[in-house]
Amino acid sequence: VQLQASGGGLVQAGGSLRLSCGMSGSTFSMYAVGWFRQAPGKEREFVAAIDWSGRSTDLADSVKGRFTISRDNGKNTGYLQMSSLKPEDTAVYYCAAGSLWDTMIVRTTKPYDYWGQGTLVTVSS
């Protein structure tokens with residue numbers, strides 16, 4: 001199973017980006033998808049997650065109201081729509097997939113079996 005994260009880039013504060021997470025080698029609709037990010041010198045942190053159906057989502061407080069997570073199982077792809085970006089959103093963003101959806105641990109790395117390589121998002125002030 002491989003995950004490919006894409007869509008990162010350089011954007012000005014207040015701008016938008018949409019990240020994509022494509023899966024190959026397995027049935028995408030069997031997995032919950034999570035997005036994490038890691039800024040330079042900081043630990044990896046949870047951003048958002050969505051269950052296999054798309055009906056349940058979870059967002060970190062720091063991105064609520066600005067980011068939206070979604071998925072298209074027909075395209076084997078998950079998305080993270082980021083709006084009103086801030087310089088503090090600058091990080092490498094990773095997508096992950098796991099067969100377990102547990103709201104108690106979805107914000108940790110525990111339920112995720114597969115990870116993408118990361119895509120860099122840089123927000124300039």
List the steps and the verdict of side chain to side chain contact (heavy atoms under 4.5 Å, CB included) for Trp35 and Val33. CA-CA 7 Å; Trp35 287 94; Val33 174; 4.3 Å; yes

Please evaluate residues Tyr94 and Phe36 with respect to the criterion ring-ring contact (aromatic ring centres under 6.0 Å, His included), reporting the C-alpha separation (whole Å), side-chain torsions for both, the decisive distance (0.1 Å), and the verdict. CA-CA 5 Å; Tyr94 299 90; Phe36 291 76; 8.8 Å; no

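Note on residues 61-91: no pairs pass disulfide bond (SG atoms under 2.5 Å apart), not counting sequence neighbours. Residue pairs satisfying the side chain to side chain donor-acceptor pair (under 3.5 Å) criterion with at least one member in residues 1-13, sequence neighbours excluded, are absent. The list of disulfide bond (SG atoms under 2.5 Å apart) pairs with a residue in residues 36-88, not counting sequence neighbours, is empty. Pairs engaging residues 48-77 under the disulfide bond (SG atoms under 2.5 Å apart) rule: none recorded [sequence neighbours left out].
Both Val63 and Leu17 are part of a single hydrophobic cluster, where members link through side-chain heavy atoms under 4.5 Å apart. Put simply, Val11 and Val47 are part of the same group of oily side chains (I, L, V, M, F, W, Y) that touch within less than 4.5 Å, one to the next.
Here the closest non-hydrogen pair linking Ala13 and Pro87 is CB-CD, 4.1 Å.
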Distance-only criterion, 3.5 Å: show the donor-acceptor pairs between side-chain atoms of residues 19-27 and protein atoms not counting sequence neighbours.
from: Ser26; atom 1: OG; to: Tyr31; atom 2: OH; distance (Å): 3.1

For residues 73-83, which side-chain N or O atoms pair as donor and acceptor with protein atoms under 3.5 Å away, sequence neighbours left out?
from: Asn73; atom 1: OD1; to: Arg71; atom 2: NE; distance (Å): 2.7
from: Asn73; atom 1: OD1; to: Arg71; atom 2: NH2; distance (Å): 3.1
from: Asn73; atom 1: ND2; to: Trp52; atom 2: O; distance (Å): 3.1
from: Thr77; atom 1: OG1; to: Lys75; atom 2: O; distance (Å): 2.7

Which atom pairs, donor and acceptor, lie under 3.5 Å between side-chain atoms of residues 109-125 and protein residues at least two apart or in another chain?
from: Tyr112; atom 1: OH; to: Val106; atom 2: O; distance (Å): 2.8
from: Asp113; atom 1: OD2; to: Ser99; atom 2: N; distance (Å): 3.4
from: Gln117; atom 1: OE1; to: Ala5; atom 2: N; distance (Å): 3.3
from: Gln117; atom 1: NE2; to: Ala5; atom 2: O; distance (Å): 2.9
from: Thr119; atom 1: OG1; to: Gly8; atom 2: N; distance (Å): 3.0

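Residues passing the side-chain hydrogen bond (donor to acceptor under 3.5 Å, both in side chains) test with Glu45 are Arg37, sequence neighbours excluded. Partners of Lys86 under the salt bridge (charged side-chain N to carboxylate O under 4.0 Å, His left out) rule, at least two apart in sequence or in another chain, do not exist in this structure. Partners of Arg44 according to the side-chain hydrogen bond (donor to acceptor under 3.5 Å, both in side chains) rule, which considers only residues two or more places apart in sequence or in another chain, do not exist here. Residues satisfying the side-chain hydrogen bond (donor to acceptor under 3.5 Å, both in side chains) criterion with Ser53, sequence neighbours excluded, are Asp51. Residues satisfying the salt bridge (charged side-chain N to carboxylate O under 4.0 Å, His left out) test with Arg66, not counting sequence neighbours, are Asp89.
Here the straight-line distance linking atom OG of Ser70 with atom CD1 of Ile50 works out to 6.0 Å at 0.5 Å rounding. Atom CZ in Arg107 sits 13.0 Å away from atom CG in Asp102 (nearest 0.5 Å). Note that the CD1 atom of Ile69 and the CG atom of Asp58 stand 9.0 Å from one another [nearest 0.5 Å].
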